[in-house]
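For reference, the structure is listed below as structure tokens.
Nothing here was measured: the structure is a model prediction, and the numbers come from that model.
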Amino acid sequence: MKTINKIFTGIGLLAMSASFASCVGDLDVPPKDPNKLTPEVFAQDPDGYLDRGIAEVMQGATTAGPWGPGNSMLGFGDAGAGTFTRTVFNIEEMSTDNYSWLQFADAGYYELVTMNLAPDNEIMYINYSRLYGIIALANQFIRTVESGAYLTEQSAERAQRAADYVRQAKVMRGLAYYYALSAYGNIGYIDETAPSGTTPTQYTREEAFNLIVSSLEQVSEEWGNTYQVPAYGYVGKEACDALLTRFYLNAATWIGTPMYDKCWTLCQKIIANHSGGVDNSGLANSYKALFGANNYEYASQGARENEIIWTLPQNGMSLQSYGNSTFYIATVCGSYDGISSVGDCNLNAQWTCMVARQQLSEMFNFDRDGYTQDLRAELWKTSKDGFEIGNSTIMGNAGYGKGYAPIKFTNFAYDEWGNIDSAASPSSSNTFADADWPEIRLAEIYLNAVEAQVLGGAGSQSDALKYINFLRTRAGVDPWGVADLTAANVLTERDRELYGENDRRTSLIRHGKYAGGAYLWNWKGGTHDGTATPEHMNLFPIPTKVISFSKYKQNPGYVK
């Protein structure tokens, strides 16, 4: 049974008085009640406050805030819509050929789905705010450690634990910066050396990249040469290195300096740390079990292959969120003939507001009756269930059923071969899911290595072919030969494996297929068959409210 550390669900410590209305100034934390967190109060239980502090940094990516699913640490907007995984999903998945959001009463979604990007889009502002909220939490925690508030000088063990927690906070900060750098380019950067309340300094994309990567590389070095298994829900050296592979893979696109060799080398180290499962690759034997209610078994401290290198915990009873797997299940499973959120997903949540775009569906080679050999789409609702593939409309509830329902996460527990374990599954009456959100899986590391070889010539072609065939073997599809190992094929295979995992937009840009007219998809540019969009949309605009507060320079193409 999954156990959530009680500290991980505790009250707000760092964020208890944060004002995130602008989220471009760093977190300024004078407590609302000055008697709550004085040095004297810290001194009463320094170990407890230390544990709670890092837990709250990690929780910034798992829940809306430390006060329950309906209360956001951002202090504005819909709490559920402002969760980390959901705001990133909007940017990385909803603006691409993967998914279409159907409820357009929410400001900004139609423009996002049709790739009509503008600085005043509220969805982008919420995303920016969440990312910098996490950065602020991490910085404030590190400052608090360095201030001596946790009395680390009194205990060598506590000092060592605090140093480890600081490294974890820097990795979490690096993750937020990764998505900010991908989306907005010339971003504000700030670390713990700046005073609380300081507005982050805007840097060029290359300058920010170098600062972020340097910090992560230093953290990895401080952790030593070997991978230690962290506590469940937390991160260690392997998660740090896995995050670095993302930066290295995108370096050529983001800063014009290829780092494919670095990406390949680090991927090799991570891969060597895993075994068991599919052909002793370290990959789980079942794809769908990685997205079920007991997928914690594949994360750190789990009893199965630890394919999930970095997990964002969720618990339907004690760590609830309207983001993460709850969001995915509820949006895809709806009130419609041929699908049942309870029967198909084991969750009593029916939002009925998201479908697959035709281009994603066609990647899985469904036949005319709606069947596919690819086990990664095994649970989908297709023409066999009365769903259409072509997205003839994307307006409101009328659009549901006009695209396939891409079921991936469920609230069923599975055995290691993907059979439903009814006894271990949560009650179908639950409205919040138990399935964790896999932030980085070993499968992605294999794919990063493959791309580093195919795009940059790093490493070994024979190894790259072996890696891609590990994934295809698990999926139940035919293995590739050398001739299949092309950039276009690898991009498609990457999406078959990682669809919905907040990767697609960044990958399309890396291959020159996002903005512009090189690749069209349904409703890109606002027409059914898709139309070219301006090239400058490879970067999102920095939100108007951020520009107003910080006086940053806007990204090219968005200044009238």
Query - CD/Glu222: more than 12 non-hydrogen atoms of other groups inside 6.0 Å - result: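 It does: Glu222 CD has more than 12 such atoms within range.
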Run the salt-bridge test on [X] and [Y] with the 4.0 Å N-O cut-off and return the result as yes or no.
X: Glu451; Y: Arg510; value: yes
X: Glu157; Y: Arg161; value: yes
X: Arg143; Y: Glu192; value: no
X: Lys545; Y: Glu122; value: yes

Answer yes if the side chains of [X] and [Y] hold a donor-acceptor pair under 3.5 Å, and no otherwise.
X: Asn502; Y: Arg86; answer: no
X: Arg304; Y: Tyr298; answer: yes
X: Asp241; Y: Ser220; answer: yes
X: Ser286; Y: Glu416; answer: no
X: Gln202; Y: Ser550; answer: no
X: Asp164; Y: Gln160; answer: no
X: Arg504; Y: Ser507; answer: no
X: Asp495; Y: Asn98; answer: yes
X: Asn315; Y: Ser318; answer: yes
X: Asn324; Y: Thr326; answer: no
X: Asn448; Y: Thr245; answer: yes
X: Asn285; Y: Arg474; answer: no
X: Ser182; Y: Arg505; answer: yes
X: Thr506; Y: Glu92; answer: yes

Query - Pair Gln228-Lys237, side-chain contact (heavy atoms from CB on, under 4.5 Å): steps then yes or no - result: CA-CA 7 Å; Gln228 302 297 322; Lys237 178 180 173 67; over 6 Å; no
Requested in this report: Let me know which of Tyr177, Tyr260, Tyr178 forms a ring pair (Phe, Tyr, Trp, His ring centres under 6.0 Å) with Phe247.
Outcome: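 In the set Tyr177, Tyr260, Tyr178, the residue that makes a ring pair (Phe, Tyr, Trp, His ring centres under 6.0 Å) with Phe247 is Tyr178.
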**Report entry** Identified ring pair (Phe, Tyr, Trp, His ring centres under 6.0 Å) counterpart of Tyr184 within the set Tyr179, Tyr552, Tyr128
**Finding:**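 The passing option is Tyr128.
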Between [X] and [Y], is the ring centre distance below 6.0 Å?
X: Tyr99; Y: Phe89; value: yes
X: Tyr322; Y: Phe432; value: yes
X: Trp437; Y: Phe409; value: yes

Requested in this report: Give the C-alpha distance, both sets of side-chain angles, the deciding distance and a yes or no for side-chain contact (heavy atoms from CB on, under 4.5 Å) between Lys262 and Glu217.
Outcome: CA-CA 12 Å; Lys262 280 189 170 184; Glu217 289 175 338; 3.7 Å; yes
Report task. Take Asp436 and Asn295 through the side-chain contact (heavy atoms from CB on, under 4.5 Å) test and state the conclusion after the steps. Result -> CA-CA 6 Å; Asp436 291 353; Asn295 63 348; 3.5 Å; yes
Query raised in the report: Looking only at heavy atoms, which two atoms of Leu498 and Lys408 are closest? And how far apart?
Result: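 Distance-wise, the nearest heavy atoms are C-NZ, 3.8 Å.
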Query raised in the report: Going through the distances and angles, do Asn250 and Thr253 end up as a side-chain hydrogen bond (donor to acceptor under 3.5 Å, both in side chains)?
Result: CA-CA 5 Å; Asn250 288 290; Thr253 303; 5.2 Å; no
Report task. Using atom types as modelled and distance alone, determine if a side-chain donor or acceptor of Asn210 lies under 3.5 Å from a backbone N or O of Glu206. Result ->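 Looks like yes, one N/O pair under 3.5 Å.
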Query raised in the report: Please walk me through it: do Ile440 and Arg246 pass side-chain contact (heavy atoms from CB on, under 4.5 Å)?
Result: CA-CA 10 Å; Ile440 303 179; Arg246 288 180 173 180; 3.4 Å; yes
Report task. I would like to know whether Glu497 and Arg441 meet salt bridge (charged side-chain N to carboxylate O under 4.0 Å, His left out); could you show each step before the answer? Result -> CA-CA 10 Å; Glu497 180 68 28; Arg441 293 191 287 121; 3.0 Å; yes
Requested in this report: Under the side chain to side chain contact (heavy atoms under 4.5 Å, CB included) rule, collect the residues that match up with Glu207, sequence neighbours excluded.
Outcome: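 If we apply the side chain to side chain contact (heavy atoms under 4.5 Å, CB included) test to Glu207, skipping adjacent residues, the hits are Tyr203, Thr204.
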Query raised in the report: If you draw the axis of the six-membered ring of Phe141, does the NZ or CZ of Lys170 fall within 45° of it and under 6.0 Å from the ring centre?
Result: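 So Lys170 doesn't make the cation-pi contact.
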